[in-house]
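As a basis for the values below, the full set of heavy atoms in this structure was taken, side chains included, without hydrogen atoms, waters or symmetry mates. Along the sequence shown, residues carry numbers from 1. Each ligand, and each atom within it, is numbered from 1 in the order the structure gives.
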Amino acid sequence: MAGKTQAKRPVTKAVAKAATKAAPAASTRNAAAKGVPANGKPLTENAKLAKPTPPKPAAAKAVTPPAAKAAPKPVAPKPVAPGAKSGPKPKRQLNGATRVGIAGCAGRMGQMLLKMLAQAPGVLVVGGTERRGSQALGMDLGALAGTEPFGITVGDDPALLFDTADVVIDFTNPSATALHAGYAAKNGTAHVIGTTGLDADQQAAVARAAQRAPIVMAANMSLGVNLLELVVEQMARILDTDWDIEVVEMHHRHKVDAPSGTALALGEAAARGRGTTLRRVAKRGRDGQAGPRAKGEIGFAALRGGDVVGDHTVIFAADGERVEVTHKASSRELFARGAVKAVLWAAGKAPGLYSMKDVLGFSVGAQPANGG
Ligand code: NAD
């Protein structure tokens with residue numbers, strides 16, 4: 001797998017340091033935006049590194065994951081970005097490293113990602129953005145990561161970020177993510193989307209962008225939840241509608257969308273197992289005189305409180321017995337780990353909408369469900 005190959009190419013800290021020390025933040029990012037490696041070496045020395053290499057035929061072969069064959073990717077008739085450059089962005093590398101940008105770098109996930117990427121082999125952070133007006137604008141990325149300075153400051157220009165990076169990781173909000181997908185399409189930049197709560201229009205914008213750029217979208221980047229989806233789909237296939245399915249989730253008090261994207265993805269998996277769609281059978285919350293439960297319904301309940309990172313339980317309830325399967329996340333690190341895996345996997349892939357199951361290599365044709 002492409003990701004594994006790249007992960008084995010270490011980027012020494014010295015290179016990362018040189019990249020940041022040799023050039024001030026703005027010029028580093030501008031240089032990188034022009035396709036020039038910002039590692040402090042003379043430009044002539046870097047010319048070969050900076051020169052985009054055309055995508056290898058092998059990469060094109062490798063990008064047809066089982067899921068892509070099993071489930072056609074959502075496509076829309078119109079291109080996303082007028083004036084878009086044609087084709088995916090060639091994999092540009094700096095000393096074997098994939099250049100990574102982080103949208104929403106001051107957020108809970110953004111900070112965790114910065115910290116992880118600072119130590120990850122095979123990647124080099126080249127920029128981070130925040131929303132206009134954010135107090136983090138102008139801060140060094142290292143201050144957010146709790147590490148030594150990166151020599152790169154937080155900006156608010158997604159156009160520059162997507163032009164500079166090979167891959168942008170995006171844990172922001174639905175409207176920002178839909179906008180960012182347009183920049184991914186325009187530049188052919190790989191886009192790893194963790195944002196949840198996208199509505200139908202926003203999901204369609206992402207699907208359109210995926211015609212021109214590789215996009216990995218997953219409501220949950222953890223190995224455990226993606227495995228749970230497979231288990232739930234299988235259980236729903238085996239158990240008939242005498243078994244009521246309910247999805248219960250709990251998250252920290254700051255979470256803004258409900259039910260969580262992961263709960264919806266689990267609901268989608270159950271619906272798929274039953275040969276239907278979630279849209280047809282979802283019951284998203286009950287209040288007041290809700291009436292008796294309809295047969296075949298898939299219900300959701302969302303709890304909010306404290307600092308809970310993310311708990312999900314799918315309940316299969318029949319007369320006289322109940323089966324429950326649960327995933328509990330105790331740290332955001334596992335999502336960040338998954339996102340870093342997705343970054344290494346996505347760099348240089350052909351355009352398309354991929355799921356975390358493609359990245360993890362156990363796709364069975366499931367589509368991501370980041371919708372709200
Ligand atoms: P957060 O609110 O802490 O962080 C979001 C950050 O994005 C904020 O710092 C905000 O200022 C920034 N932002 C907003 N608009 C922006 C813009 N236009 N450009 C750049 N930055 C912008 O939230 P969080 O807990 O980090 O979660 C972010 C998203 O990721 C949510 O949708 C959440 O549900 C989702 N999430 C997904 C996974 C997963 O595994 N897929 C895991 C955790 C969280």
Side-chain angles (χ1 to χ4, degrees), residues 101-116 127-137 139 141 144-145 153-162 165 168-184 191-199 202-203 206 215-229 249-266 302 304 307-312 327-343 354-357 359-360 368-372:
I102 303 171
C105 60
R108 282 177 286 265
M109 281 304 298
Q111 292 189 35
M112 175 66 73
L113 280 160
L114 275 173
K115 201 172 183 175
M116 201 164 276
T129 56
E130 259 298 323
R131 64 181 162 74
R132 288 205 178 130
S134 164
Q135 292 190 339
L137 293 178
M139 280 173 72
L141 295 183
L144 293 173
T153 52
V154 180
D156 63 359
D157 181 359
L160 180 62
L161 186 74
F162 277 83
V168 171
I169 313 181
D170 187 340
F171 284 79
T172 56
N173 63 44
S175 55
T177 292
L179 186 79
H180 292 161
Y183 289 110
H191 192 187
V192 172
I193 300 175
T195 309
T196 60
L198 278 72
D199 65 21
Q202 290 158 340
Q203 290 192 47
V206 171
I215 298 184
V216 177
M217 185 161 79
N220 195 302
M221 303 246 169
S222 81
L223 174 70
V225 159
N226 283 278
L227 192 62
L228 186 63
E229 275 183 42
E249 55 104 335
M250 180 161 186
H251 282 85
H252 53 89
R253 61 171 75 94
H254 304 289
K255 183 158 181 67
V256 292
D257 54 319
S260 70
T262 302
L264 291 168
L266 289 165
R304 295 289 175 265
D307 61 355
V308 178
V309 175
D311 292 355
H312 293 88
H327 178 270
K328 292 188 179 189
S330 49
S331 156
R332 283 185 181 81
E333 251 183 69
L334 79 161
F335 306 131
R337 260 201 311 272
V340 173
K341 255 190 194 140
V343 160
Y354 301 98
S355 77
M356 204 54 201
K357 293 171 199 67
V359 174
L360 296 169
N370 280 35

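- Using a 4.0 Å cut-off to heavy atoms of A106, the atoms of ligand 1 that qualify are 9 (O).
- Checked by distance only, ligand 1 and M221 come closer than 3.5 Å through their nitrogen or oxygen atoms.
- Annotation: A176 places no N or O atom under 3.5 Å from an N or O atom of ligand 1; distance criterion only.
- Close approach of ligand 1 to N220 (heavy-atom distance below 4.0 Å) involves ligand atoms 39 (C), 40 (O), 41 (N).
- Close approach of ligand 1 to T195 (heavy-atom distance below 4.0 Å) involves ligand atoms 30 (O), 32 (O).
- Residue contacts with ligand 1, taken as heavy atom pairs separated by less than 4.0 Å, do not involve P158 at all.
- Of the N or O atoms in T196, one or more lie within a sub-3.5 Å distance of an N or O in ligand 1.
- With T195 contributing its side chain and D170 its backbone, the two residues share a donor-acceptor pair below 3.5 Å.
- Which parts of ligand 1 touch N173 is read off a 4.0 Å heavy-atom cut-off, strictly below it: atoms 14 (C), 15 (N).
- Proximity of H251 to R304: side-chain heavy atoms (C-beta onward) are separated by under 4.5 Å at one or more points.
- Between the choices E130, Q111, M109, R332, the shortest heavy-atom distance to atom 10 (C) of ligand 1 belongs to E130.
- In terms of modelled atom types and a separation under 3.5 Å, the side chain of N226 and the main chain of N220 share a donor-acceptor contact.
- Checked by distance only, ligand 1 and G107 come closer than 3.5 Å through their nitrogen or oxygen atoms.
- The side-chain heavy atoms of K255 and T196, taken from C-beta on, include a pair separated by under 4.5 Å.
- With a heavy-atom cut-off of 4.0 Å, T172 touches ligand 1 through backbone and side chain alike.
- The N/O atoms of A103, backbone and side chain alike, include none that comes under 3.5 Å of an N/O atom in ligand 1.
- A distance of 12.0 Å separates CG of L113 from CZ of R337, quoted to the nearest 0.5 Å.
- Within the structure, the closest approach of G197 to ligand 1 does not fall below 4.0 Å when heavy atoms are considered.
- Taking 4.0 Å as the cut-off, S134 does not count as a neighbour of ligand 1 on heavy-atom distance.
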Start with the C-alpha distance between D157 and T129, add both sets of side-chain angles, then the distance that settles side chain to side chain contact (heavy atoms under 4.5 Å, CB included), and finish with yes or no. CA-CA 7 Å; D157 181 359; T129 56; 5.6 Å; no
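- Considering backbone and side-chain N/O of K255, one or more are found under 3.5 Å from N/O of ligand 1.
- Separation of the H191 and Y183 ring centroids does not fall under the 6.0 Å cut-off.
- For R132, the closest heavy-atom approach to ligand 1 does not fall below 4.0 Å.
- With E249 contributing its side chain and A263 its backbone, the two residues share no donor-acceptor pair below 3.5 Å.
- Closest heavy-atom approach to atom 7 (O) of ligand 1 among the candidates G104, G128, S175, A265: G104.
- The contact set between ligand 1 and T129, taken as ligand atoms under 4.0 Å from a residue heavy atom, comprises 20 (C), 21 (N).
- Between the side chain of E229 and the main chain of L266, no donor-acceptor pair closer than 3.5 Å is present.
- Looking only at side-chain heavy atoms (C-beta outward), M217 and L198 come within less than 4.5 Å of each other.
- Although no hydrogens or angles enter the test, the distance criterion places no donor-acceptor pair under 3.5 Å between the side chain of E130 and the main chain of L137.
- Contact of the H327 side chain with the T262 side chain is not registered, since no non-hydrogen atoms from C-beta on lie closer than 4.5 Å.
- With a heavy-atom cut-off of 4.0 Å, P174 does not touch ligand 1 at all.
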